[in-house]
**Q** 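Take this structure first; my questions come after.
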Amino acid sequence: MTTNTQYTNGGTSPGPAAGSGNLTVLVTGATGRTGSRVAGAARAAGLTVRAASRRAASRAGSGGVRFDWHDPATWDAALRGADAAYLAYLPDVGAPGAAEAVGALARRAAELGVRHLVLLSARGEPQADATERALAASGARRWTVVRSAWFAQNFSEGPLVDGLRAGELVFPAGEVLEPFVDARDVADVVVAVITAGDRYAGQILEVSGDRLLSFRDAVEDIAAATGRQLTYVPVEPRAYGTALREFGIPEAEVEFLTDFFTTNLDGRNAYISDGVRKILGRPPRPFTTYTQETARTTTWTPSPTRPTG
């Protein structure tokens with residue numbers, strides 16, 4: 001089990017915060033679950049955001065630039081002139097090839113003068129350890145790892161949404177407990193780390209929500225917020241993997257996800273981390289706040305059925 005905070009570079013002393021108004025921050029995955037929120041929080045803090053995604057720059061938003069983890073030819077233009085970078089590896093920080101890509105990008109970032117790299121990682125995911133080590137060994141002037149619990153937004157932005165819209169969430173989580181964290185809290189922590197100078201350099205920080213819930217509990221909260229009848233159906237990871245294959249997911253990705261669900265959802269993460277309170281000086285956003293806010297949108301509204309005949 002990981003600790004909430006640890007030094008892994010010999011103990012960098014806290015330093016004064018950098019002038020946040022002068023910082024340019026590269027945000028990878030800027031159209032994704034955390035990247036979009038990191039970009040928003042960074043702009044709100046007065047930072048200059050370089051929004052990076054695989055889409056063309058014109059579609060990545062203000063200050064956007066094309067970036068692809070699997071195409072190193074796109075890296076230099078994204079990194080050059082940035083003071084800090086938020087690294088969110090797709091599809092997952094523990095996926096095959098993640099350590100090699102993150103390590104190579106971090107080394108190039110150091111060569112181009114990027115001063116601080118913040119990596120999104122996951123609590124209790126042994127597959128991510130090599131990626132974290134690659135970042136630490138990259139020669140980056142400052143680096144920080146933010147290990148996150150499962151995002152609350154996984155229920156509203158991703159593959160779980162279709163099941164909830166249909167009234168039934170089938171997922172290989174059993175009755176395991178998880179302190180779901182709001183992705184907005186993750187973003188606020190990332191921006192606080194970037195604007196804090198050396199304070200969090202060389203540290204691994206863990207963030208979570210403030211309440212342990214099972215996936216069944218989460219579905220019940222969503223049902224209460226939407227006023228709908230929703231059912232949670234736990235299945236074994238291998239059975240879920242079979243369903244993914246039938247859905248057309250590539251075999252390598254199915255194998256990774258099956259292994260991930262087997263290890264990450266075995267109860268090892270059934271504890272609260274104090275990163276949000278420690279870094280932001282406030283409690284995490286409650287899961288019920290997330291469900292009530294999301295329920296006011298059409299996210300979980302059933303898709304209309306097509307008329308027959």
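Count residues from 1 along the sequence.
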**Q** How long is the gap from CZ on Phe260 to CG on Leu265, to the nearest 0.5 Å?
**A** 6.0 Å
**Q** For the pair Thr294 (side chain) and Thr291 (backbone), establish whether a donor and an acceptor sit closer than 3.5 Å, ignoring hydrogens and angles.
**A**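 Side chain of Thr294 to backbone of Thr291, a donor-acceptor pair under 3.5 Å: no, none is there.
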**Q** Ignoring hydrogens and angles, tell me if any N or O in the side chain of Asn269 forms a donor-acceptor pair with the backbone of Arg123 under 3.5 Å.
**A** yes
**Q** May I ask you to decide whether Arg282 forms a salt bridge with Asp185, counting only side-chain N to carboxylate O separations under 4.0 Å?
**A** yes
**Q** Answer yes or no: is there a donor N or O on one side and an acceptor on the other, between the side chain of Thr242 and the main chain of Arg238, under 3.5 Å?
**A** yes
**Q** Given side chains that start at C-beta, do those of Ile194 and Leu23 come closer than 4.5 Å, heavy atoms only?
**A** yes
**Q** Measure the CG-CG distance between Asp188 and Leu280 for me, rounded to the nearest 0.5 Å.
**A**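 That separation rounds to 5.5 Å.
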**Q** State, with a plain yes or no, whether a side-chain heavy atom of Arg54 is found less than 4.5 Å away from one of Leu90.
**A**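 A side-chain contact under 4.5 Å exists here.
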**Q** Do the non-hydrogen side-chain atoms of Pro96 and Glu255 ever get within less than 4.5 Å of each other?
**A** no
**Q** State which residues pass side chain to side chain contact (heavy atoms under 4.5 Å, CB included) with Thr298; sequence neighbours excluded, sorted by chain then number.
**A** Thr301
**Q** Scan residues 163-178 for pairs that pass side chain to side chain donor-acceptor pair (under 3.5 Å), counting only residues two or more places apart or in two chains.
**A** Glu175-Arg216
**Q** Given the rule that I, L, V, M, F, W and Y join up when any side-chain heavy atoms are under 4.5 Å apart, are Leu230 and Trp300 in one cluster?
**A** yes
**Q** Using the ring centroid of each side chain, check whether Phe287 and Trp150 are separated by less than 6.0 Å.
**A**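 Between Trp150 and Phe287, which both carry aromatic rings, the centre distance is not below 6.0 Å.
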**Q** Do you know which two heavy atoms are closest between Gly81 and Thr24, and how far apart they sit?
**A** O-CB, 4.0 Å
**Q** Does Phe151 share a hydrophobic cluster with Val27, counting links as ILVMFWY side-chain heavy atoms below 4.5 Å and allowing steps through other members?
**A** yes
**Q** Does His116 offer a backbone N or O that forms a donor-acceptor pair with the side chain of Arg141 under 3.5 Å?
**A** no
**Q** Does Thr28 reach the main-chain N or O of Tyr86 with its side chain, forming a donor-acceptor pair under 3.5 Å?
**A**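 Flag set: sc Thr28 to bb Tyr86 pair under 3.5 Å.
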**Q** State plainly whether one hydrophobic cluster holds both Val161 and Phe180, where clusters connect Ile, Leu, Val, Met, Phe, Trp and Tyr through side-chain heavy atoms under 4.5 angstrom apart.
**A** no
**Q** I need the minimum non-hydrogen distance between Glu125 and Ala122, along with the two atoms involved.
**A**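 Here Glu125 and Ala122 meet closest at OE1-CB, 3.1 Å.
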**Q** Compute whether any side-chain donor of one residue and acceptor of the other, for Tyr271 and Ser208, lie under 3.5 angstrom apart.
**A**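 No, Ser208 and Tyr271 have no side-chain donor paired with an acceptor closer than 3.5 Å.
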**Q** Is the side chain of Ser273 donor-acceptor paired with the backbone N or O of Gly275 at a distance under 3.5 Å, no angle test?
**A** no
**Q** Quick one: do the Glu132 and Ser121 side chains pair a donor with an acceptor below 3.5 Å?
**A** yes
**Q** Tell me, please, which residues at least two apart from Glu111 pass salt bridge (charged side-chain N to carboxylate O under 4.0 Å, His left out).
**A** Arg108
**Q** Answer yes or no: is there a donor N or O on one side and an acceptor on the other, between the side chain of Arg37 and the main chain of Arg33, under 3.5 Å?
**A**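 Yes, because the side chain of Arg37 sits within donor-acceptor range (under 3.5 Å) of the backbone of Arg33.
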**Q** Indicate yes or no for a side-chain donor-acceptor contact from Thr144 to the backbone of Tyr200 under 3.5 Å, with no hydrogens or angles considered.
**A**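 Looks like yes, one N/O pair under 3.5 Å.
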**Q** How close do Ala140 and Leu117 get, counting heavy atoms only, and between which atoms?
**A** CB-CD1, 3.8 Å
**Q** Please check if the number of heavy atoms outside Gln229 that lie under 6.0 Å from its CD is greater than 12.
**A** no
**Q** Could you tell me the separation between the OG1 atom of Thr258 and the CD atom of Glu236, rounded to the nearest 0.5 Å?
**A**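 These two atoms lie 11.5 Å from each other.
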**Q** Testing the basics here: between Ala295 and Ala225, what is the closest heavy-atom pair and its distance to 0.1 Å?
**A** CB-O, 3.5 Å
**Q** Can any side-chain N or O of Arg147 pair as donor or acceptor with the backbone N or O of Gly124 at less than 3.5 Å?
**A**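 No, Arg147 side chain to Gly124 backbone: no donor-acceptor pair under 3.5 Å.
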**Q** Quick check: do Val235 and Phe171 have side-chain heavy atoms less than 4.5 Å from each other?
**A**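 A side-chain contact is absent here, since even the closest heavy-atom pair is not under 4.5 Å.
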**Q** So do Leu87 and Val118 actually touch side chain to side chain, heavy atoms under 4.5 Å?
**A** no
**Q** Name the orientation class of the two ring planes belonging to Phe155 and Phe215 (parallel below 30°, tilted from 30 to 60°, perpendicular beyond 60°).
**A**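 Tilted, since the angle between the ring planes falls between 30° and 60°.
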**Q** Can you sort out the partners of Glu253 under salt bridge (charged side-chain N to carboxylate O under 4.0 Å, His left out), two or more places apart, ordered by chain and number?
**A** none
**Q** Minimum heavy-atom separation for Val191 to Ala45, with atom names?
**A**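 Heavy-atom minimum between the residues: CG1-CB, 3.8 Å.
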**Q** Could you work out, with side-chain hydrogen bond (donor to acceptor under 3.5 Å, both in side chains) as the rule, every residue matching Asp221, not counting sequence neighbours?
**A**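 Residues passing side-chain hydrogen bond (donor to acceptor under 3.5 Å, both in side chains) with Asp221: Arg211.
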**Q** Is the Tyr240 to Phe261 ring centre distance short of 6.0 Å?
**A**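 Between Tyr240 and Phe261, the centre distance is under 6.0 Å.
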**Q** Please name all residues satisfying salt bridge (charged side-chain N to carboxylate O under 4.0 Å, His left out) with Arg107, sequence neighbours left out, ordered by chain then number.
**A**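 With neighbours one apart ignored, the set is empty.
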**Q** Hey, are the side chains of Asp76 and Leu112 touching, using non-hydrogen atoms and a 4.5 Å cut-off?
**A** yes
**Q** Does Tyr290 share a hydrophobic cluster with Val189, counting links as ILVMFWY side-chain heavy atoms below 4.5 Å and allowing steps through other members?
**A**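 No, because Tyr290 and Val189 fall into different hydrophobic clusters, even though each may have its own neighbours under 4.5 Å.
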**Q** Can you measure from CD (Glu157) to OG1 (Thr34) and round to the nearest 0.5 angstrom?
**A** 10.0 Å
**Q** Within the structure provided, determine whether Trp69 and Leu105 are in side-chain contact (heavy-atom separation under 4.5 Å).
**A** yes
**Q** Any side-chain heavy atom of Gln127 sitting closer than 4.5 Å to one from Thr263?
**A**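 They are in contact (side-chain heavy atoms under 4.5 Å apart), so the answer is yes.
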**Q** I'd like to know whether CD of Glu293 has more than 12 heavy-atom contacts from other residues, nucleotides or ligands below 6.0 angstrom.
**A** yes
**Q** Can Leu120 be reached from Phe256 by stepping across I, L, V, M, F, W or Y side chains whose heavy atoms are under 4.5 Å apart?
**A** no
**Q** State whether a side-chain donor-acceptor pair under 3.5 Å links Tyr232 with Ser214.
**A** no
**Q** Could you grab the distance from atom CD1 of Ile222 to atom CG of Asp217, nearest 0.5 Å is fine?
**A**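 Interatomic distance, Ile222 CD1 to Asp217 CG, rounded to 0.5 Å: 11.0 Å.
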**Q** Hey, is the main chain of Val93 close enough, under 3.5 Å, to the side chain of Thr131 for a donor-acceptor pair?
**A**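 Indeed, once roles are kept as given, a pair shorter than 3.5 Å links the two residues.
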**Q** I need the Thr231 OG1 to Leu169 CG distance, nearest 0.5 Å.
**A** 10.0 Å
